[in-house]
Protein chains: 2
Amino acid sequence: MSGNQKPARRDAAATQRRILDAALSEFATQGHGGARVDRIAEAAGVSKPMIYSYFGDKEELYKAALKESYVQIRQGERAIDTDHMSPEDAIRELVTFTMHHFISKPWFTSMLNTENLRKGVTVQEIDDLNDIQSPLISQLGEILDRGVAEGRFRPGVDPTELYITIASLCFFPVSNKYTLRVVFNVPIDDAWLKRRAEDAGRMVLCFLRPEPDAGSG
Amino acid sequence: MSGNQKPARRDAAATQRRILDAALSEFATQGHGGARVDRIAEAAGVSKPMIYSYFGDKEELYKAALKESYVQIRQGERAIDTDHMSPEDAIRELVTFTMHHFISKPWFTSMLNTENLRKGVTVQEIDDLNDIQSPLISQLGEILDRGVAEGRFRPGVDPTELYITIASLCFFPVSNKYTLRVVFNVPIDDAWLKRRAEDAGRMVLCFLRPEPDAGSG
DNA sequence: ACAGTAACTTACTATTTGGTAGATTGGAAA
DNA sequence: TTTCCAATCTACCAAATAGTAAGTTACTGT
């Protein structure tokens with residue numbers, strides 16, 4: 001899981017990186033309260049004092065790991081280009097990306113859950129909100145405007161709320177797959193989730209289509 | 001939070017109940033790894049050996065708390081009666097109930113997240129799956145059948161998948177409200193979530209309406 | 001009244017955990 | 001080559017933690 005290179009002796013930056021990766025993995029799999037600094041040290045291939053020297057204490061390390069998980073998804077989001085697509089295809093693309101990210105970077109959903117269990121005490125302390133906010137919101141705004149201009153989407157849909165809708169449909173079946181499998185006997189695997197993403201795209205588009213009675217606040 | 005009555009001396013059943021309630025609260029707020037048996041004992045107003053005597057060890061206590069959180073939602077679900085409603089109203093009712101339950105029983109979403117962080121190792125060990133499975137699935141199946149028969153819903157929709165869709169739309173904004181508030185600056189409160197439930201109902205109904213190209217596997 | 005036992009507590013242990021003091025080592029600059 | 005500091009480690013501590021042994025207390029049936 002934590003793909004450590006050979007220690008590359010005396011490289012402070014690389015060491016910090018290894019610690020951060022190990023911390024992200026540990027916090028994501030064990031939660032905040034279940035994470036162990038000793039395990040992080042071992043997984044990173046360093047001694048404990050390195051961690052305290054570079055990151056301060058467990059809380060600061062957690063903060064760094066939480067921020068890192070956001071930074072990763074935002075990087076991915078910035079790489080999406082939907083300008084050349086039809087509004088419908090653009091929406092489908094965003095849904096597909098979101099689902100794929102949740103599937104392929106499982107620590108992201110885990111960190112979100114862990115942080116919300118703590119009522120967001122740490123996410124509030126992250127200084128640079130810019131590193132954390134999603135570039136997808138404004139992109140989604142443009143897509144919606146284009147769709148409305150072309151008469152394919154209804155007006156009055158808030159981009160942030162739409163983003164939350166998309167995230168909802170992708171997040172839940174990924175994050176809760178273990179309990180869903182047992183409780184409902186659903187064979188959730190990557191193929192099942194891919195089909196789910198297609199359904200989610202259809203559902204969102206259906207919701208966006210201009211129709212007499214579909215209005216919202 | 002843990003509304004303890006007066007200890008009612010020497011009442012084993014009541015004591016077990018207090019321990020279970022305290023455990024549910026502790027595991028839900030602190031996670032599996034962060035939960036402390038000493039805190040549970042204090043919140044329940046008992047000494048630690050009581051817990052070990054009645055529940056075995058921390059793991060078994062966690063299992064009891066997890067099961068309890070399912071039992072609670074299933075009880076609520078069983079009380080819903082949609083037989084006299086139109087298919088549309090019935091769907092809206094289920095969505096409203098689901099959202100309301102997630103809002104009013106926050107430990108349920110927390111326990112689901114905690115258990116999924118652990119890859120569902122404990123939920124697998126719950127013997128009586130019947131206590132855990134949702135009666136809403138079959139109810140949803142009947143509603144769908146009725147809707148199809150009346151020509152108001154398209155055929156071929158799987159009740160379990162629809163249930164997951166409804167749960168997705170309600171779960172995410174409730175479970176992740178703390179990070180959403182900070183990261184997207186969304187004023188998520190009970191009123192916001194109620195509006196969200198209405199949107200979710202609309203979206204689901206729009207997805208169910210019979211239309212030329214909306215078919216699914 | 002008086003056993004007998006279920007309910008409950010005090011006081012303890014072994015281990016784990018976050019965190020630190022102080023020594024050591026490698027590499028770059030002089 | 002020597003100096004010096006950043007990078008790193010060994011060895012440790014105090015507190016917290018899951019779990020238990022052994023005792024005490026209140027109810028119940030006789």
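Per chain, numbering begins at 1; letters A, B, ... match sequence-line order.
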Next item on the list: Step through the shown structure and confirm whether more than 12 heavy atoms of other residues, nucleotides or ligands are within 6.0 Å of NE2 on B:H101.
Entry: yes

Check: In whole Å, what is the span from the OH atom of B:Y62 to the C1' atom of D:dA18?
Finding: 18 Å

Notebook entry, point to check: Considering residues at least two apart in sequence or located in another chain, which fulfil the ring-ring contact (aromatic ring centres under 6.0 Å, His included) criterion with B:Y52?
Noted result: none

Next item on the list: Give the rounded distance in Å between these two atoms: CZ of B:F55 and P of D:dG19.
Entry: 14 Å

Next item on the list: Take the protein atom CD of A:E42 and the nucleotide atom P of D:dC9, then report the distance between them rounded to whole Å.
Entry: 13 Å

Item checked: Atom pair distance, as rounded to whole Å: CE in B:M50 and C1' in C:dT9 -> 9 Å

Notebook entry, point to check: Sequence neighbours excluded, which residues qualify as salt bridge (Lys or Arg N to Asp or Glu O under 4.0 Å) partners of A:E161?
Noted result: none

Check: Over how many whole Å does the gap from B:Q30 atom CD to D:dT17 atom C1' extend?
Finding: 14 Å

Next item on the list: Rounding to 10 degrees, work out the angle separating the end axes of the helix from C:dA1-D:dT30 to C:dA30-D:dT1 (five pairs an end).
Entry: 10°

Notebook entry, point to check: Can you check the A:D11 CG to C:dG27 C1' distance for me, whole Å?
Noted result: 13 Å

Checklist line | Between D:dA7 (C1') and A:I19 (CD1): distance, integer Å | finding: 11 Å

Next item on the list: Only pairs at least two apart or in different chains count here, so list each ring pair (Phe, Tyr, Trp, His ring centres under 6.0 Å) that has a residue in residues 27-51 of chain B.
Entry: B:F27-B:Y62, B:H32-B:Y62

Check: Does the distance from a Lys or Arg side-chain N to an Asp or Glu carboxylate O, for B:K67 and B:E125, drop under 4.0 Å?
Finding: no

Notebook entry, point to check: Between B:R39 and B:E42, is there a side-chain N and carboxylate O pair less than 4.0 Å apart?
Noted result: no

Check: With sequence neighbours left out, which residue pairs that include part of residues 97-119 of chain B fulfil the salt bridge (Lys or Arg N to Asp or Glu O under 4.0 Å) condition?
Finding: B:E59-B:R118, B:E115-B:R118

Notebook entry, point to check: Got a salt bridge between A:R18 and A:D21, using NZ or NE/NH1/NH2 to carboxylate O under 4.0 Å?
Noted result: no

Check: Partners of B:T160 by side-chain contact (heavy atoms from CB on, under 4.5 Å), sequence neighbours excluded?
Finding: A:F184, A:V186, B:I137, B:D158, B:I164

Check: Would you say A:S53 reaches D:dT8's phosphate, i.e. side-chain N/O to OP1/OP2 under 4.0 Å?
Finding: no

Check: Among all residues two or more places apart in sequence or in another chain, which pass the ring-ring contact (aromatic ring centres under 6.0 Å, His included) test with B:F172?
Finding: A:F171

Next item on the list: For each nucleotide in nucleotides 15-20 of chain C, reading 5' to 3', give B when a protein heavy atom comes within less than 4.0 Å of its base, S when such contact involves only the sugar-phosphate, and - otherwise.
Entry: --SBBB

Next item on the list: Summarise protein proximity over nucleotides 23-30 of chain D in one line of letters, 5' to 3': B for base, S for sugar-phosphate only, - for none, counting protein heavy atoms closer than 4.0 Å.
Entry: --BB----

Notebook entry, point to check: Does atom CG of A:D128 have more than 12 heavy-atom neighbours from other groups under 6.0 Å away?
Noted result: yes

Close N/O contacts between protein and nucleotides 1-4 of chain D (under 3.5 Å):
none

Checklist line | Rounded interatomic separation in angstrom, taking CD1 from A:I51 and C1' from D:dA7 | finding: 15 Å

Next item on the list: Name all residues meeting the side-chain hydrogen bond (donor to acceptor under 3.5 Å, both in side chains) criterion together with B:T98; count only those two or more places apart in sequence or in a different chain, and write none if there are none.
Entry: none

Note to self: According to side-chain contact (heavy atoms from CB on, under 4.5 Å), who are the partners of A:D127, at least two apart in sequence or on a separate chain?
What the structure shows: none

